[in-house]
Amino acid sequence: MEDNKGDSNVNKQGQDVNVDDQCGNCKSKVKDTDKAVACEICEVWFHTKCEEIPDEVYEFMVKGNQLFWCCTHCRFGCVKLHNRMGKIEKSQTEMVQRQVSLEAMVSGVKEEICKGQDRNKEIDQQQNELSGMQQALSHTVQEVKDSLMANQGTHKELEERLGYMEAKSVKVCETVEKNEEHTQDLKGRVGVLEAKMLNVEEKSVQHDNCPEHREVGNGPQPVALGAVLRTDTVLTEIYDMKRRECNLVV
């Protein structure tokens, strides 16, 4: 039998047996004439009958065919290990899936970051435009203020002119009232003069028709000089009053 740490885990009968090797089940020494197999995991030798290994399997292993074999004790541990490995593989698969999902999320976040950067650029551009608009608006406001200050001076001047015009209008109204009174007075005086003129004309006609002043023949008729002078005076006064009435200045 070869050493349990050698290349073969099968006791090829007729080989030297290590005195320290004993069956893992019955605890008896494994002789060189015994059919025994070493566990690949714990490297302990076991009799084939103790592990209930069929002779066909033993012969197959003796012929040098590589066959993994473990004892009953290690087999339960292998099952647990296999289950554990299955859980680990499942957990690993889930982690891979999560990694893929996280990578997709990271890719999405990167895209959002790129979009955010582009948006920030647009915002910066809009802020620059707003700053320019604000400066232009400030300039316009200053111009409006300057215009208002200038208009205040013009408004003050207009108020002064308006006050002067109002005072002038009051004087004009007073002058118009005085002119109306004067006109009425002139109209009264004209009426009186016209009445006097009519009276003078009537007296002149009566004088002309008086028999005492008539002369026989076709010679020139005598005229009353006083009546003619009074008539001329009345006409001159009427003319002067009408001229003054027409030349009234407001």
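None of the values given here were measured: they were computed from a predicted structure.
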Minimum heavy-atom separation for [X] to [Y], with atom names?
| X | Y | answer |
| --- | --- | --- |
| Ala36 | Tyr58 | O-CE1, 3.7 Å |
| Cys23 | Cys26 | CB-SG, 3.3 Å |
| Asp34 | Lys29 | OD2-O, 3.8 Å |

Just wondering, more than 12 heavy atoms not from [X] lying within 6.0 Å of its [atom1]?
| X | atom1 | value |
| --- | --- | --- |
| Glu143 | CD | yes |
| Arg98 | CZ | no |
| Glu103 | CD | yes |

Check your understanding: Relative to each other, are the rings of Phe46 and His73 parallel, tilted or perpendicular (30° and 60° limits)?
Key -> tilted
Check your understanding: Just checking, any donor-acceptor pair under 3.5 angstrom between side chains of His47 and Glu51?
Key ->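 Distance-only check fails for His47 and Glu51.
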Review point. Taking side chain as C-beta onward, heavy atoms only, is Glu111 less than 4.5 Å from Ser107?
Key: yes
Review point. What's in the same ILVMFWY side-chain cluster as Leu137, cut-off under 4.5 Å, chained through other members?
Key: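 When side chains under 4.5 Å apart are linked, the cluster holding Leu137 also contains Val141.
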Practice item. Please lay out, stage by stage, how Val62 and Lys35 fare under the test side chain to side chain contact (heavy atoms under 4.5 Å, CB included). Key: CA-CA 10 Å; Val62 169; Lys35 295 179 179 180; over 6 Å; no
Review point. Rounded to the nearest 0.5 Å, how far apart are CE of Met61 and OG1 of Thr48?
Key: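 One gets 10.5 Å once the value is rounded to the nearest 0.5 Å.
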Check your understanding: So, are Lys178 and Glu181 salt-bridged, with charged N and O less than 4.0 Å apart?
Key ->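 Salt bridge flag = no for Glu181 with Lys178.
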